[in-house]
Amino acid sequence: MNKGSEFRQGLSIAFRLGTELTVAVMIGAVMGYALDRYFDSKPWFLAAGVILGGAAGSLNVYRVSKEITTQNDKD
Amino acid sequence: MENPLHHFEIHPIIHLSLLGVDISISKAVIAMWIGLSIVFGLFMLVVKSGVSLIPGKLQIVAEMSLVFIKDMVEEFIGKKEAPKYFPFIATIFFFILACNLIGMIPGSYTITSQLVVTGVFATGIFILTLFIGFAKHGLRFFGILVPPGVPKIMIPIMIPIEIISMIARPISLSVRLFANMTAGHTILYVLFGLAMSTPLMIGWLPFGFTVAINGLEIAIAFIQAYIFTILTCVYIGDVIHLH
């Protein structure tokens with residue numbers, strides 16, 4: 001792998017992970033809020049949604065980082 | 001000073017409507033057409049001027065960029081399936097790149113700074129991945145919601161988590177491109193506004209920053225197009241290989 005593509009990959013990962021985490025939490029919260037509106041059960045689904053969204057975001061970041069480490073091991 | 005978000009507003013130039021649907025021509029539509037015609041014109045120019053064994057300057061640029069995308073597609077989708085998706089992904093890359101770069105011309109419009117545009121791209125890609133997944137794997141595609149090696153007790157928790165991370169994909173894809181372009185152009189506008197509203201003695205400082213950030217924005221235009229396409233490849237590859 002040459003220097004330029006390493007730089008590009010690093011930047012793309014940096015740009016990627018930030019939004020990945022935030023958006024997952026937001027989706028979880030919005031889905032929880034919608035379920036609360038539907039079932040009239042404030043605030044339980046919202047609370048669960050935020051936690052699950054955080055878990056989903058962390059899981060995404062974890063998967064990306066696992067990819068990077070296996071790639072580095074291969075090189 | 002004007003509102004720094006003022007130049008993101010779209011005002012119709014020619015009012016048109018078809019069957020009650022507003023299809024007015026605005027700056028954004030024209031910018032999109034220009035982007036489309038630049039990509040099309042560039043590649044037509046390469047082909048029309050004759051593809052030769054000893055490539056000319058334009059042909060080298062076109063070939064190198066296409067090989068770059070081909071390598072990317074092959075890496076994430078696999079050599080066997082790559083030719084099917086390569087034209088689609090190359091089109092996305094060049095179109096977004098052209099739109100991003102057109103936005104760097106003062107007075108023009110950055111079409112990718114509209115969440116509607118990036119949202120349509122991302123939603124289209126998301127629906128495409130679902131379509132590919134169901135066409136390839138049938139009902140087994142639901143297995144994507146349960147990662148391998150998960151204990152049975154965890155499955156009720158894993159399914160909502162996986163659904164959230166599935167839905168987060170198109171949203172993060174669209175928000176990333178939109179937010180980066182909007183933020184960059186807003187910063188440029190604010191800095192340039194500072195440079196214009198202060199005396200020259202201090203004004204050169206924000207003006208210098210404007211120049212520097214302009215360079216950064218051009219780099220970001222390339223990087224964001226690259227990230228958008230690479231993630232499209234990753235998402236398509238994910239549904240093809242299914243873990």
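Every chain is numbered from 1, with letters handed out A, B, ... down the list of sequences.
Ion pairing between a basic and an acidic side chain is recognised when a charged N comes within 4.0 Å of a carboxylate O; E20(A) and R169(B) show no such pairing.
We find the CG-OG distance between L17(A) and S172(B) to be 10.5 Å, quoted to the nearest 0.5 Å. Note that CD1 of I161(B) is 10.5 Å distant from CG of N60(A), once rounded to the nearest 0.5 Å. Within the model, atoms CG of L177(B) and OG1 of T19(A) stand 11.0 Å from one another, a figure rounded to the nearest 0.5 Å. Note that CD1 of I171(B) and CE of M26(A) are 7.5 Å apart. Values are rounded to the nearest 0.5 Å.
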Do V23(A) and R176(B) pass the side-chain contact (heavy atoms from CB on, under 4.5 Å) test, and can you show the C-alpha distance, the side-chain angles, and the key distance before you say yes or no?
CA-CA 10 Å; V23(A) 166; R176(B) 186 180 304 112; over 6 Å; no
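Smallest separation of non-hydrogen atoms from P160(B) and L52(A): CB-CD1, 3.7 Å. Nearest heavy-atom pair, A168(B) versus A24(A), reported as atom, atom and distance to 0.1 Å: CB-CA, 4.1 Å.
Comparing N180(B), I163(B), V175(B), I157(B) by heavy-atom pairs within less than 4.5 Å of chain A, the highest count is held by N180(B). Contacts with chain A were tallied for L231(B), I230(B), V234(B); L231(B) has the most, counting heavy-atom pairs under 4.5 Å.
The environment of F86(B) atom CZ is dense: over 12 non-hydrogen atoms of other residues, nucleotides or ligands sit within 6.0 angstrom. For CZ of F134(B), the number of neighbouring non-hydrogen atoms (other residues, nucleotides, ligands) closer than 6.0 Å is greater than 12. For F209(B), the CZ atom counts as loosely surrounded, since its 6.0 Å shell holds 12 or fewer non-hydrogen atoms of other residues, nucleotides or ligands.
Only the side chain of M158(B) comes within contact range of chain A, with heavy atoms under 4.5 Å apart. For L59(A), the part lying under 4.5 angstrom from a heavy atom of chain B is the side chain only. Of the two parts of L173(B), neither the backbone nor the side chain holds a non-hydrogen atom closer than 4.5 Å to a non-hydrogen atom of chain A.
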